[in-house]
Amino acid sequence: MKICKPIDTPLSVSEKLSVVDGEPLSSEDSTRYRSIVGALQYITLTRPDIAFSVNKVCNFLHAPTTVHWISMKRILRYLQGTTSLGLRLSKSSSTSVSAFSDADWAGCPDDRRSTCGFAVFLGSKLISWSARKQATVSRSSTEAEYKAGLMLQLKLYGCKVCLLNWVCHRIE
């Protein structure tokens, strides 16, 4: 993949990967898939721009298919074209704390669970972030729970919390 054609995006957010898509990989290719996806997980520490995409391909480590392999290679092609991107750690003079969260509302076609995430900034520096899939299917969103936990953490650190664009959705 060192001489692959770079691509502008790691994975389309509207693309729905499923367990039943594609043909199962051979034992050797499955092992290679798991190894590459494991390496991509480490890269997300300094490249949060690929976290969503890597999370998607991680969901199929137990039984990867040709469609999952193509999606994983797309992430590698994106990394090839964006080697200058990544987190840079430096001193910040701002003490303003901003937090953002989002969810994809039953985005997995296999189990209808949502993926929720948040990012916390101190000034312009990313200091904390997380993305995870719901443990169970729920009639209401876990984003509100995410935000409540995040707000509690910020208050414990003595931060003033301002809620911007606080939106809670209910899945009927």
Side-chain angles (χ1 to χ4, degrees), residues 1-19 21-22 25 29-111 113-135 142-143 146-147 149-150 153-154 157 159 164-165:
M1 297 294 294
K2 287 183 180 181
I3 57 171
C4 67
K5 182 179 177 185
I7 197 162
D8 292 335
T9 58
L11 189 67
S12 171
V13 293
S14 63
E15 185 173 349
K16 304 292 184 192
L17 296 176
S18 176
V19 178
D21 292 340
L25 295 178
D29 285 341
S30 292
T31 300
R32 186 174 296 123
Y33 177 86
R34 290 181 189 101
S35 176
I36 295 169
V37 170
L40 288 171
Q41 286 181 302
Y42 283 106
I43 295 172
T44 63
L45 295 172
T46 57
R47 294 292 303 268
D49 55 326
I50 64 168
F52 177 83
S53 302
V54 172
N55 174 273
K56 287 294 184 187
V57 296
C58 281
N59 289 325
F60 307 102
L61 291 174
H62 64 287
T65 67
T66 53
V67 172
H68 308 135
W69 180 265
I70 291 167
S71 296
M72 180 268 304
K73 284 177 54 176
R74 181 181 174 110
I75 297 169
L76 295 176
R77 291 177 58 204
Y78 171 75
L79 289 172
Q80 178 66 21
T82 58
T83 56
S84 63
L85 297 180
L87 292 179
R88 300 186 197 314
L89 304 176
S90 62
K91 184 178 176 182
S92 175
S93 59
S94 175
T95 58
S96 170
V97 176
S98 303
F100 305 91
S101 67
D102 197 8
D104 71 350
W105 311 116
C108 180
D110 294 320
D111 57 19
R113 291 188 288 168
S114 301
T115 300
C116 301
F118 70 84
V120 180
F121 292 84
L122 179 61
S124 63
K125 309 299 181 198
L126 180 67
I127 58 170
S128 178
W129 65 274
S130 175
R132 78 180 142 163
K133 195 172 185 181
Q134 266 182 318
T142 59
E143 183 179 10
Y146 240 59
K147 288 180 179 179
L150 181 60
Q153 284 181 341
L154 293 172
Y157 287 112
C159 299
L164 297 175
N165 298 325

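Only heavy atoms go into these numbers, but all of them, side chains included; no hydrogens, no water, no symmetry mates. Counting from 1, the numbers follow the sequence of the chain as shown. Please read all numbers here as calculations on a predicted model, not as lab measurements.
By the 4.5 Å heavy-atom criterion applied to side chains, L25 and F60 are not counted as neighbours. Counting only heavy atoms from C-beta outward, the side chains of L61 and H68 never approach each other to under 4.5 Å. Side chains of S71 and L17 form a contact here, defined as non-hydrogen atoms less than 4.5 Å apart. Two residues are said to be in side-chain contact when any heavy atoms from C-beta on lie closer than 4.5 Å; L79 and I43 meet this criterion. Counting heavy atoms from C-beta outward, K73 and W69 have side chains that approach closer than 4.5 Å. The closest side-chain heavy-atom distance from S128 to F118 is below 4.5 Å.
When atom types are taken as modelled, the side chain of Q80 and the backbone of K5 share no donor-acceptor pair closer than 3.5 angstrom. No side-chain donor-acceptor contact under 3.5 Å links Y33 to the backbone of M72. With R47 contributing its side chain and L40 its backbone, the two residues share no donor-acceptor pair below 3.5 Å. Formation of a donor-acceptor pair under 3.5 Å by the D21 side chain with backbone atoms of V67 is not found in this model.
Taking every heavy atom of both residues into account, V37 and C58 meet most closely at CG1-SG, 3.4 Å. Across P109 and K16, no two heavy atoms sit closer than the pair CG-CB, 3.9 Å. Taking all atoms of both residues into account, the shortest heavy-atom contact from T44 to A51 is CG2-CA, 3.9 Å. Contact detail for N59 and H62: the closest heavy-atom pair is O-CE1, 3.3 Å. Nearest approach of S18 to D110, heavy atoms of both residues: OG-OD1, 2.6 Å. Between P6 and G81, the shortest heavy-atom distance links the atoms CB-CA, 3.5 Å.
The distance from atom CD1 of I75 to atom CG of D49, rounded to the nearest 0.5 Å, is 10.5 Å. In this structure, OG1 in T46 is found 10.5 Å from CG in L85, a value given to the nearest 0.5 Å. Here the CD1 atom belonging to I50 is positioned 10.0 Å from the CD atom belonging to Q41, to the nearest 0.5 angstrom. Taking OG from S12 and NZ from K56, the interatomic distance works out to 11.0 Å, rounded to the nearest 0.5 Å. To the nearest 0.5 angstrom, D29 atom CG is 11.5 Å from T65 atom OG1.
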